[in-house]
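Basis for what follows: all heavy atoms, side chains included, without hydrogens, waters or symmetry-related copies. Predicted, not measured: the structure shown is a model, and the values here were computed from it.
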Amino acid sequence: MKNLAYSFSLLLVLIGLSGCATGVASTSGVSLDEEWQLGQQMAASVQQQVRLVQDPVALRYVRMVGERIHAQTPLANRPFDFEIVDDPDVNAFSIPGGHVYVNRGLINQADKADMLAGVMAHEISHVVARHVIQQMVQQQQINVIGSILLGQNPGALQTLLANVLAGGVLARFSRADEKEADDLGLRFMTAAGYNGQGMVDMFQKLLSLEKGQPGAVEKFFLDHPLTEDRIKDIQSRVRALPPGGITDDPAYQDVRSRM
């Protein structure tokens with residue numbers, strides 16, 4: 001039993017709060033169907049551990065943005081789910097199987113629609129690149145997925161997930177993973193019609209908040225390492241793109257006022 005609990009712990013450390021390849025990453029030993037089944041179980045546990053915003057107007061808008069970007073990915077035929085977490089902290093995270101969560105605190109700080117789109121595209125890209133599952137394979141934790149899919153020890157899963165969401169156990173993605181998510185995210189959001197400058201503007205604001213209000217963005221930076229060099233790299237890619245795209249719209253400002 002101790003070994004199983006330890007395996008669950010390793011799984012959740014790897015999953016963390018993730019905040020990417022040019023297509024769907026090939027992950028030996030774990031099918032997309034298995035990942036999506038795992039994601040359903042994880043999402044059910046998330047709903048027990050956090051308060052989700054139920055505002056239909058806000059949810060409809062965030063899901064519209066998410067689906068618009070998701071439709072541009074190689075996983076467009078797979079179901080994704082987008083939720084707003086009722087939390088004032090500035091954060092966003094994703095878990096396997098296409099589940100993306102955005103805190104209302106992040107919506108408050110995302111001044112324009114393209115800034116929200118930039119963060120959501122980044123999180124969607126972590127899912128598309130299958131970063132979490134890749135790490136599990138590298139850590140030889142494939143057997144852990146089987147244990148969860150069989151429904152073994154769900155209480156331990158919920159307890160450990162609560163610890164993750166409280167910030168007690170967090171996985172930091174590498175800078176290489178974050179760059180992949182940036183590159184893919186920029187491609188997906190611009191293909192969806194959003195101005196890529198929004199990703200730059202959002203990340204610049206997050207760095208500014210870290211300097212002035214570090215507690216507000218602590219969780220985001222724990223698993224999303226962000227540097228000036230990374231932002232400069234995104235900016236250089238944006239300059240090479242055709243101008244135009246959605247920057248803002250009144251419907252998004254209405255959502256912000258509801259948060």
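The backbone N or O of D89 sits less than 3.5 Å from a side-chain atom of D87, completing a donor-acceptor pair. When atom types are taken as modelled, the side chain of W36 and the backbone of P79 share a donor-acceptor pair closer than 3.5 angstrom. Between the side chain of H122 and the backbone N or O of M199, no donor-acceptor pair lies under 3.5 Å. D249 contributes a side-chain N or O that, together with a main-chain N or O of Y252, makes up a donor-acceptor pair within less than 3.5 Å. Looking at Q72, its side chain never comes within 3.5 Å of a backbone N or O of I69 through a donor-acceptor pair. Listed for the D86 side chain is no donor-acceptor partner under 3.5 Å among the backbone atoms of R51. A distance-only check finds a donor-acceptor pair linking the side chain of S125 to the backbone of G185 [under 3.5 Å]. Proximity of a side-chain donor or acceptor of S208 to a complementary backbone N or O of Q204 within less than 3.5 Å is not detected.
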side-chain contact (heavy atoms from CB on, under 4.5 Å) assessment of V85 paired with N91 = CA-CA 9 Å; V85 180; N91 197 21; over 6 Å; no

query = Would E123 and H126 count as a side chain to side chain donor-acceptor pair (under 3.5 Å) if you check the C-alpha gap in whole Å, the side-chain angles of each, and the deciding distance to 0.1 Å?
reply = CA-CA 5 Å; E123 295 301 333; H126 276 307; 5.0 Å; no

ask   = D33 and Q37: side-chain contact (heavy atoms from CB on, under 4.5 Å), yes or no, with the steps?
value = CA-CA 6 Å; D33 287 341; Q37 186 179 346; over 6 Å; no

query = Can D111 and R256 be said to form a salt bridge (Lys or Arg N to Asp or Glu O under 4.0 Å), step by step?
reply = CA-CA 8 Å; D111 301 316; R256 290 186 72 213; 3.5 Å; yes

inquiry  = Checking T73 against I124 for the side-chain contact (heavy atoms from CB on, under 4.5 Å) test, could you report, in this order, the C-alpha distance in whole Å, the side-chain angles of both residues, the deciding distance, and whether it holds?
reply    = CA-CA 9 Å; T73 75; I124 289 168; 3.9 Å; yes

ask   = Given the rule in the side-chain contact (heavy atoms from CB on, under 4.5 Å) test, do E67 and H70 qualify, once you have shown the distances and angles that lead to the verdict?
value = CA-CA 5 Å; E67 286 300 336; H70 167 222; 2.9 Å; yes

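Looking only at side-chain heavy atoms (C-beta outward), V127 and R78 stay at 4.5 Å or farther from each other.
Rounded to the nearest 0.5 angstrom, I107 CD1 and Y61 OH are separated by 10.0 Å. With rounding to the nearest 0.5 angstrom, the CG atom of N103 is 11.0 Å from the CE atom of M259. In this structure, E178 CD and D183 CG are separated by 11.0 Å, a value rounded to the nearest 0.5 Å. Distance CZ/F80 to CE/M120: 10.5 Å, rounded to 0.5 Å. Interatomic distance, D182 CG to R187 CZ, rounded to the nearest 0.5 Å: 13.5 Å. Interatomic distance, L207 CG to I231 CD1, rounded to the nearest 0.5 Å: 4.0 Å.
Judged by the 6.0 Å and 45° rule, R68 forms a cation-pi pair with Y194.
Of all heavy-atom pairs spanning R130 and S31, the tightest one is NH2-O, 3.5 Å. Pairing each heavy atom of V100 with each of S94, the nearest pair is CG2-CB, 4.2 Å. Scanning both residues, Q40 and H99, for their nearest heavy atoms gives N-NE2, 3.9 Å. Across every non-hydrogen atom of A92 and L106, the tightest pair is CB-CD1, 4.1 Å. When all heavy atoms of L75 and V128 are compared, the pair lying nearest together is CD1-CA, 3.8 Å. The two residues A121 and M189 make their nearest non-hydrogen contact at CB-CB, 3.9 Å.
A salt bridge does not link K205 with D201: every distance from a Lys NZ or Arg NE/NH1/NH2 to an Asp or Glu carboxylate oxygen is 4.0 Å or more. Between D55 and R60 there is no salt bridge, since none of the side-chain N atoms of the basic residue sits less than 4.0 Å from a carboxylate O of the acidic one. Between R237 and D233 a salt bridge is recorded (basic side-chain N to carboxylate O distance below 4.0 Å).
Note: the hydrophobic cluster containing F82 does not contain V57 (ILVMFWY, side chain heavy atoms under 4.5 Å, direct or indirect links). Note: the hydrophobic cluster containing L52 also contains M42 (ILVMFWY, side chain heavy atoms under 4.5 Å, direct or indirect links).
Side-chain contact check for D114 and Q197: no donor-acceptor pair (N or O, by modelled atom type) lies under 3.5 Å.
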